[in-house]
Structure formats: structure tokens, C-alpha cells
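The residues of the chain are indexed from 1 along the displayed sequence. On a predicted model such as this, the values are computed, not experimentally measured, just so you know.
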Amino acid sequence: MPKGSVEIKIMGREYKIGCPPEREIDLLRAADMLNDRMLELKKSGNIIGLERIAVLTALNLADDLLQSNTPTSSAPDHQQHIDRIHQALADSKDLLGDTVK
């Protein structure tokens, strides 16, 4: 399977990603979704720093994926889950720092 590369843009930064030609469209769609979610989180003004925005977005996407594989009757309240993630990130400020902005 030959590998090519695709340039994507996330929050104004360009990345060159290795990708088989038949998966380029999927990669571009995923990059667009990630970029949209990260920009949405950045606009909230509650999270500062690219690394922290990326981590919180990844956690939210992972939670969405897990919830989509779980019956809705046992799914926790999303807002409570998001609040816990926000609190955990706030508590980790000293650990992670805000070096990437």
C-alpha cells in the first residue's frame, strides 16, 4: 500500500501527515472535525494553550465515541462529564503549565 502525504491545518498550524491515497478524504474530514472542535473550545475562553485545548478536545471526542457504543440508558450526563474534565484540567495547570499557546 503506497503512502503519500496530506497537508492539514489545525488551528492555523500546518501539518504534513503520512496517509495512503485511498484514506486522504477520511483524513481531511477528521482534520476538519478536529479543527472545528478545537476552535469551538478555544472560543469558549475557558482553556488557554494549544496543548490543553488538544487534550480536552481529544477527551471529548473519546467520550463521544464511548457514548456512541454505550446504550443511552447507562450514558452519564454529558455536561457533568465535561465539567469533571474541565476541573481536572484546571487542577493540572501546575503539572502541564501553559507553555504552548
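No side-chain heavy atom of Lys9 sits under 4.5 Å from any side-chain heavy atom of Asn35. The side-chain heavy atoms of Leu59 and Val55, taken from C-beta on, include a pair separated by under 4.5 Å. Two residues are said to be in side-chain contact when any heavy atoms from C-beta on lie closer than 4.5 Å; Arg13 and Leu50 meet this criterion.
Residue Ile10 holds its CD1 atom at 8.0 Å from CD1 of Ile17, rounded to the nearest 0.5 Å. Here the straight-line distance linking atom CG of Leu28 with atom CD1 of Ile8 works out to 8.0 Å at 0.5 Å rounding. The distance from atom CE of Met33 to atom CG of Leu61, rounded to the nearest 0.5 Å, is 4.5 Å. Taking CD1 of Ile53 as the start and OG of Ser44 as the end, the distance is 7.5 Å to the nearest 0.5 Å. To the nearest 0.5 Å, atom CG of residue Leu27 and atom CD of residue Glu22 are 12.0 Å apart. Between Leu41 atom CG and Thr57 atom OG1 the span is 4.5 Å, to the nearest 0.5 Å.
Listed by first and then second residue, the salt bridge (charged side-chain N to carboxylate O under 4.0 Å, His left out) pairs that reach into residues 31-43 are Arg37-Asp64, sequence neighbours excluded.
Looking at every heavy atom in both residues, Glu24 comes nearest to Cys19 through N-SG, 3.7 Å. Heavy atoms only, all atoms of each residue included: Pro21 and Gly4 are closest at CD-N, 4.3 Å.
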